[in-house]
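Atoms within a ligand are numbered from 1 in the order they appear, just like the ligands themselves.
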Amino acid sequence: MTSHINTSADIDYLCLQKINALHQQEIDEAVQRVLHGGWYLQGQENRAFEQHYAAYIGTSHCVTCANGLDALTLILRAYMEMGVMKEGDEVIVPANTYIASILAITDNKLVPVLVEPNAHTLQIDDSLLERAITERTRAVMIVHLYGRMAYTPQIAQICKRYGLKLIEDNAQAHGLAADNSGDAASGCCPRTGSLGDAAGHSFYPGKNLGALGDAGAVTTSDGPLAGVIRALANYGSKQKYVFRYAGRNSRMDEIQAAVLNVKLRYLDQENEQRRRVAAYYINNVCNERMVLPDMEYWKQSVFHIFPVMCSERDLLQQYLEERGVHTMIHYPIAPHKQQCYSQFNHLQLPITERIHASELSIPCNQVLTDAEVERIAALLRDFTC
Ligand SMILES: *Cc1c(COP(=O)(O)O)cnc(C)c1O
């Protein structure tokens, strides 16, 4: 125990129990319906979710699968089966992404080409894209990291000019819309997941749209691609016991689909609450020891994560912890510095490395009370090393 007297209850980084308790009755009913219906895989709950989610995102197809990593892996695998890319081809990806984006590439024996992010947006720097392209480049994978828009018209233009597929990793940005207000509720603005050729989504419990276990999906308006992905996720079969591809088993179970059908209805409203918490921090914290997201660059965000940059990051984390505020780091070690990617360990990516050394994620979600948000903002304001 420290000498600091903590009179208030602890604030969790993300309390999944509270997040799901918001919809307890509807979730209970959904789970009971599947339990008593007796049909647990590839049934009407998945079909309904695929329809609802494709309509929500704005694509003609949605294919559910077991998790977000599988969604990304299956997209690339399908392009390989279709002859669009082959082993040894290159895929451009932001260097500061979560490792799953890169694993999807290396799992397919494709080569990730790591590109630095912009220091303000923390998203892939589109001004560095063109010089990363070689004759082996086949795709650019953008990652809407922290829930902030990674897409730019320049990226789409470059992909078009060089004949590259544009793939979105939308694991952190469900519901993000392409207009400046971030409000897609009116349905007029395209959402992430519909901005490229195909997108992978994760419904890991802690994501903005989270299941009660693992779940994922691909969205695309490319019908043939969706067909190959659907077959690959189902043992490579389009017709029972006839195997076109050496596929895999990657299904979303009916309970997860039923729960997601409930939670999808509240996603826009809950993202709006995250945006309000983020705006409060941004408007009420001014401390030269840390850098908060700049609203000039962060209008297009659903704040899956609220990243604060602080050169004394570990001290700031300890300070908040001692005062009952739990935080996280996304992420402590950059992918190119990981043991599993020793072939990239020699790379020097200073912006990425600085982000990994200074990022701290502050609680930002729909179950924080106003008093909690104010308490966190006051602590951030008062931090002195
Ligand atoms: C969570 C996440 C994934 C992987 O999702 P899983 O469902 O855990 O496999 C992929 N990319 C990013 C950026 C993520 O945050």
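- Salt bridge annotation for Glu26-Arg265: present, with a cationic side-chain nitrogen under 4.0 angstrom from a carboxylate oxygen.
- Salt bridge Arg33/Glu29: absent, no basic N to carboxylate O contact under 4.0 Å.
- Ligand 1 places these atoms under 4.0 Å from at least one heavy atom of Val143: 13 (C).
- The Asn67 neighbourhood of ligand 1 comprises atoms 7 (O), 9 (O), with distances under 4.0 Å to a heavy atom of that residue.
- Here Ser202 pairs with Ala171, Tyr204, Lys207 under the side chain to side chain contact (heavy atoms under 4.5 Å, CB included) rule; sequence neighbours left out.
- If you check the side chains of Asp70 and Ser250, you find a donor sitting under 3.5 Å from an acceptor.
- Remark: distances from the non-hydrogen atoms of Lys207 to ligand 1 include one below 4.0 Å.
- Protein heavy atom in closest approach to atom 10 (C) of ligand 1: Ala100 CB, 3.4 Å.
- Using a 30° and 60° split on the angle between ring planes, Phe203 and Phe49 fall in the perpendicular class, above 60°.
- The Ala171 neighbourhood of ligand 1 comprises atoms 2 (C), 3 (C), 10 (C), 11 (N), 12 (C), 14 (C), 15 (O), with distances under 4.0 Å to a heavy atom of that residue.
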Next item on the list: I would like to know whether Thr192 and His144 meet side-chain hydrogen bond (donor to acceptor under 3.5 Å, both in side chains); could you show each step before the answer?
Entry: CA-CA 8 Å; Thr192 56; His144 306 289; 4.7 Å; no
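- Polar contact check, Asp214 against ligand 1: no nitrogen or oxygen pair lies under 3.5 Å apart.
- Considering both main-chain and side-chain atoms, Tyr204 never comes within under 3.5 Å of ligand 1 through any nitrogen or oxygen pair.
- What sits closest to atom 7 (O) of ligand 1 on the protein, heavy atoms only, is Ser202 OG, 2.6 Å.
- Considering backbone and side-chain atoms together, Tyr98 places no N or O closer than 3.5 Å to any N or O of ligand 1.
- Annotation for Ile158 and Glu130: closest pair CD1-OE1, 4.3 Å, computed over non-hydrogen atoms.
- If you check which protein heavy atom lies closest to atom 13 (C) of ligand 1, you get Asp169 OD2, 3.4 Å.
- A salt bridge is absent between Glu254 and Arg47: the closest approach of a Lys/Arg side-chain nitrogen to an acidic carboxylate oxygen does not fall below 4.0 angstrom.
- Taking only nitrogen or oxygen atoms, main chain and side chain alike, Leu69 reaches within less than 3.5 Å of ligand 1.
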